[in-house]
Amino acid sequence: MKGLAGQALAAFRDDPRSVGWRKLPFFNGHAADAVAERVDERIAAGASVLPPAGEIFNALITTPLDEVKVVILGQDPYPTPGDAHGLAFSYHGKRRLPASLKTILAEMAEETGTSVPKSGDLTPWAKQGVLLLNTALTVEAGKAGAHLKFGWSALTDNAVSAISKERPAVVFLLWGGPARKRAELIDRTKHLVIECGHPSPLNRLRDFRGTRPFTRTNEWLVSKGMPPIDWRLD
């Protein structure tokens, strides 16, 4: 009998919204099953794996391949139970907003002339075609980065490559070193790539604020005949 991660993978494959993503090599070969097995081994060993199994593939389900307009790459889910729900940077917790997300939303508020949202749930972005994909889709409670070497990164590479090849015009927001490494997978003759530092307060260069990623994204989308993203959350 499959473990929780294996069951989540099976459910993803059966979901009609995943049809575009299922074509990726990650899901066609043994890579996805191998990663699910590693995650289930950790669960069997007593590890608390986040997010809940039913939300592991939330980013891909909420934003199907044929609807992607913008890509934002994160690292891995928040390692506190209740905080992560499968969308990069998105937050379901009841405490203060995580520092990186607070920086992101402060920049968004400044660009749109609105107040900083109280909610950290970025689902409204995802439903408009903003793929919020983490480099690792799972983590362990209290252990940030625990699953970064489990093989999830192949999914990120496959997804970026597929979007670059199959979508006509997408904005890639690459924040920080790990995300910027994927720039070489993107066809810049078709797509807009906006690179800058990570929004984390640990970024000593502080080269995120003031880069106007949200405004520049919408200006480019409109120039391509597409509706802009409504970045407001409240």
Side-chain angles (χ1 to χ4, degrees), residues 1-45 47-79 81-92 121-141 145-167 170 172 178-179 182 185:
M1 182 176 179
K2 294 181 179 180
L4 292 176
Q7 293 174 38
L9 177 58
F12 169 79
R13 284 173 164 150
D14 288 338
D15 195 307
R17 293 170 293 179
S18 72
V19 62
W21 299 120
R22 292 201 304 266
K23 300 175 184 178
L24 301 182
F26 180 81
F27 293 111
N28 280 326
H30 300 291
D33 297 282
V35 173
E37 288 176 7
R38 291 196 67 180
V39 174
D40 280 328
E41 287 173 0
R42 293 299 301 140
I43 294 175
S48 175
V49 172
L50 306 172
E55 297 177 340
I56 290 175
F57 296 99
N58 200 17
L60 302 181
I61 293 297
T62 309
T63 312
L65 177 57
D66 61 1
E67 296 179 12
V68 175
K69 296 165 60 179
V70 182
V71 175
I72 297 177
L73 300 179
Q75 180 168 288
D76 60 345
Y78 298 119
D83 288 0
H85 62 116
L87 303 179
F89 293 107
S90 191
Y91 178 69
H92 262 193
D121 186 351
L122 305 183
T123 301
W125 294 3
K127 289 183 175 180
Q128 294 178 76
V130 181
L131 178 65
L132 300 164
L133 185 64
N134 278 316
T135 303
L137 301 193
T138 54
V139 72
E140 294 179 21
H147 293 185
L148 287 176
K149 296 182 179 181
F150 273 29
W152 285 119
S153 60
L155 170 57
T156 306
D157 292 343
N158 285 181
V160 171
S161 296
I163 294 166
S164 177
K165 181 180 179 180
E166 299 181 26
R167 299 294 294 147
V170 170
F172 289 83
R182 266 78 188 193
L185 302 174

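Numbering of residues begins at 1 and proceeds along the displayed sequence.
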Yes or no on side-chain contact (heavy atoms from CB on, under 4.5 Å) for I163 and V71, after CA distance, side-chain angles and deciding distance? CA-CA 9 Å; I163 294 166; V71 175; 3.8 Å; yes
Pair D40, K2 - check salt bridge (Lys or Arg N to Asp or Glu O under 4.0 Å), show working. CA-CA 8 Å; D40 280 328; K2 294 181 179 180; over 6 Å; no
For side-chain contact (heavy atoms from CB on, under 4.5 Å), just list the numbers for L9 and F27, CA-CA rounded to whole Å, side-chain angles, deciding distance to a tenth of an Å, and then say yes or no. CA-CA 9 Å; L9 177 58; F27 293 111; 3.9 Å; yes
Check step by step if side-chain contact (heavy atoms from CB on, under 4.5 Å) holds for V39 and F150. CA-CA 8 Å; V39 174; F150 273 29; 4.0 Å; yes
What verdict does the side chain to side chain donor-acceptor pair (under 3.5 Å) test give for W152 and T135, after you've listed the backbone C-alpha separation in whole Å, the side-chain angles of each residue and the deciding distance to 0.1 Å? CA-CA 6 Å; W152 285 119; T135 303; over 6 Å; no
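Closest non-hydrogen pair, P51 versus G86, comes out as CG-N, 4.0 Å. Of all heavy-atom pairs spanning L50 and P81, the tightest one is CD1-N, 3.6 Å. Between E67 and R167, the shortest heavy-atom distance links the atoms C-NH2, 4.1 Å. Taking both residues in full, the closest heavy atoms of T63 and A126 are given as OG1-O, 2.8 Å, listed atom of the first, atom of the second, then distance. Residues P79 and E140 share a closest heavy-atom pair of CB-O, 3.8 Å. Residues A53 and A8 share a closest heavy-atom pair of O-CB, 3.2 Å.
You'll find the side chain of F89 stays beyond 4.5 Å of the side chain of N134, heavy atoms only. R182 is listed as a side-chain neighbour of S153, based on a closest heavy-atom distance under 4.5 Å. A heavy-atom distance below 4.5 Å is not found between the side chains of I56 and L4. Between K69 and V130 there is no side-chain heavy-atom pair separated by less than 4.5 Å. With a 4.5 Å cut-off on side-chain heavy atoms, E166 and L65 count as touching. Using a 4.5 Å heavy-atom cutoff, the side chains of W21 and F57 are not in contact. Looking at L155 and L24, their side chains come closer than 4.5 Å, going by heavy atoms from C-beta outward.
Counting only distance, with no hydrogens or angles, the side chain of R38 and the backbone of K149 share a donor-acceptor pair below 3.5 Å. In this structure, S18 contributes its side chain and D15 its backbone to a donor-acceptor pair below 3.5 Å. When atom types are taken as modelled, the side chain of S164 and the backbone of V160 share no donor-acceptor pair closer than 3.5 angstrom.
In this structure, L122 CG and K127 NZ are separated by 12.5 Å, a value rounded to the nearest 0.5 Å. In this structure, CG in L73 is found 7.5 Å from CG in L131, a value given to the nearest 0.5 Å. Note: D121 CG to W125 CH2 = 11.0 Å, rounded to the nearest 0.5 Å. Here L133 contributes atom CG and N58 contributes atom CG; the two are 11.5 Å apart, rounded to the nearest 0.5 Å. The distance from the OG1 atom of T62 to the CG atom of L132 is 9.0 Å, given to the nearest 0.5 Å.
Salt-bridge annotation for R13 and D33: present, with a side-chain N of the basic residue lying under 4.0 Å from a carboxylate O of the acidic one.
Ring orientation note: the planes of H92 and H85 are close to parallel, at an angle under 30° on the 30°/60° scale.
D76 and H147 form no side-chain donor-acceptor contact under 3.5 Å, judged by distance and modelled atom types alone.
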